[in-house]
Amino acid sequence: MIRSIRAVPARIDPLACAPPIPPERPEIVVKVDAGGHSRDLFSVRLMYGVGGSSRYGGEVRMAYDASREAFVYRLPAVTRDKVGGEARSISLSAVIEAGSSYLGLLEPPTTAYISFASYCLTTPDAPRP
């Protein structure tokens with residue numbers, strides 16, 4: 001079962017009037033309670049995206065980091081061009097995929113969000129008065 005899903009950092013600023021350079025790439029960390037089963041018998045699939053944005057989103061199999069005892073994935077760069085100027089957050093959803101259904105690890109997805117810290121009221125390319 002998934003114990004936790006978190007993003008580092010949990011708040012990013014791609015829509016600021018002066019967005020960070022280079023663009024932020026949050027790392028997603030998923031902790032799993034394997035119930036005594038070997039980590040080789042299952043994987044964690046991460047789905048991420050911005051509602052209404054077809055340019056930022058995806059689905060990946062996360063890598064296991066034994067030193068942190070967690071599954072990890074670093075998201076692609078988050079930019080205004082990719083998420084759109086009206087976006088408010090990135091939704092995350094993680095689910096365990098078992099190689100065999102007898103493990104009893106199948107469960108509904110665990111969700112989380114990465115919120116955007118600020119919003120520029122003018123677009124960066126707009127002419128200034």
Side-chain angles (χ1 to χ4, degrees):
M1 101 183 320
I2 293 177
R3 287 189 290 142
S4 67
I5 178 173
R6 68 184 179 98
V8 180
R11 288 175 59 102
I12 59 175
D13 214 9
L15 302 181
C17 290
I21 298 173
E24 293 162 296
R25 295 188 62 210
E27 181 178 55
I28 312 305
V29 180
V30 175
K31 296 272 190 170
V32 172
D33 179 359
H37 297 289
S38 169
R39 301 264 187 246
D40 297 332
L41 296 177
F42 64 91
S43 61
V44 173
R45 182 170 39 110
L46 174 70
M47 290 81 54
Y48 63 93
V50 173
S53 171
S54 61
R55 297 188 65 196
Y56 193 86
E59 186 172 321
V60 296
R61 179 169 285 155
M62 299 181 78
Y64 184 70
D65 182 338
S67 66
R68 293 193 274 180
E69 297 182 344
F71 289 86
V72 297
Y73 180 74
R74 185 163 302 276
L75 294 177
V78 183
T79 64
R80 176 185 291 271
D81 290 344
K82 290 183 181 173
V83 299
E86 301 298 316
R88 297 295 179 249
S89 64
I90 299 172
S91 62
L92 307 168
S93 181
V95 65
I96 292 176
E97 293 184 322
S100 174
S101 60
Y102 79 87
L103 291 176
L105 294 174
L106 303 178
E107 60 184 28
T110 301
T111 58
Y113 297 90
I114 301 172
S115 60
F116 293 175
S118 65
Y119 306 94
C120 189
L121 298 178
T122 62
T123 59
D125 299 327
R128 307 266 180 199

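FYI, the numbering just counts along the sequence from 1.
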Output the distance between atom OH (Tyr48) and atom CD1 (Ile90), rounded to the nearest 0.5 Å.
->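 If we round to the nearest 0.5 Å, Tyr48:OH and Ile90:CD1 are 9.0 Å apart.
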How many angstroms lie between atom CG of Leu46 and atom OG1 of Thr110, to the nearest 0.5 angstrom?
-> 11.0 Å
Distance-minimising heavy-atom pair for Leu15 and Ala87 = CD1-O, 3.3 Å
Please name the pair of heavy atoms, one in Lys82 and one in Ala77, separated by the smallest distance, quoted to 0.1 Å.
->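 Smallest interatomic distance, heavy atoms only, reads CD-O, 3.7 Å.
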[X], [Y]: one ILVMFWY side-chain cluster at the under-4.5 Å cut-off?
X      : Y     : answer
Val60  : Ile96 : yes
Val32  : Met62 : yes
Ile114 : Ile2  : yes

In the structure I gave you, are the side-chain heavy atoms of [X] and [Y] within less than 4.5 Å of one another anywhere?
X      : Y     : value
Val78  : Pro26 : yes
Cys120 : Arg80 : yes
Met47  : Val95 : yes
Phe71  : Ile28 : no

Using the side-chain hydrogen bond (donor to acceptor under 3.5 Å, both in side chains) rule, collect all pairs that involve [range], keeping only residues at least two apart or in two chains.
range          : result
residues 62-76 : Glu27-Arg68, Arg39-Tyr64, Asp65-Ser67, Asp65-Arg68
residues 86-95 : none
residues 3-24  : Asp13-Ser118

Would you say Tyr113 has more than 12 foreign heavy atoms packed within less than 6.0 Å of its OH?
-> no
Are the side chain of Tyr56 and the backbone of Gly84 linked by a donor-acceptor contact shorter than 3.5 Å?
->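 Looks like no, no N/O pair under 3.5 Å.
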Is it true that a side-chain atom of Arg61 and a backbone atom of Arg45 form a donor plus acceptor pair closer than 3.5 Å?
-> no
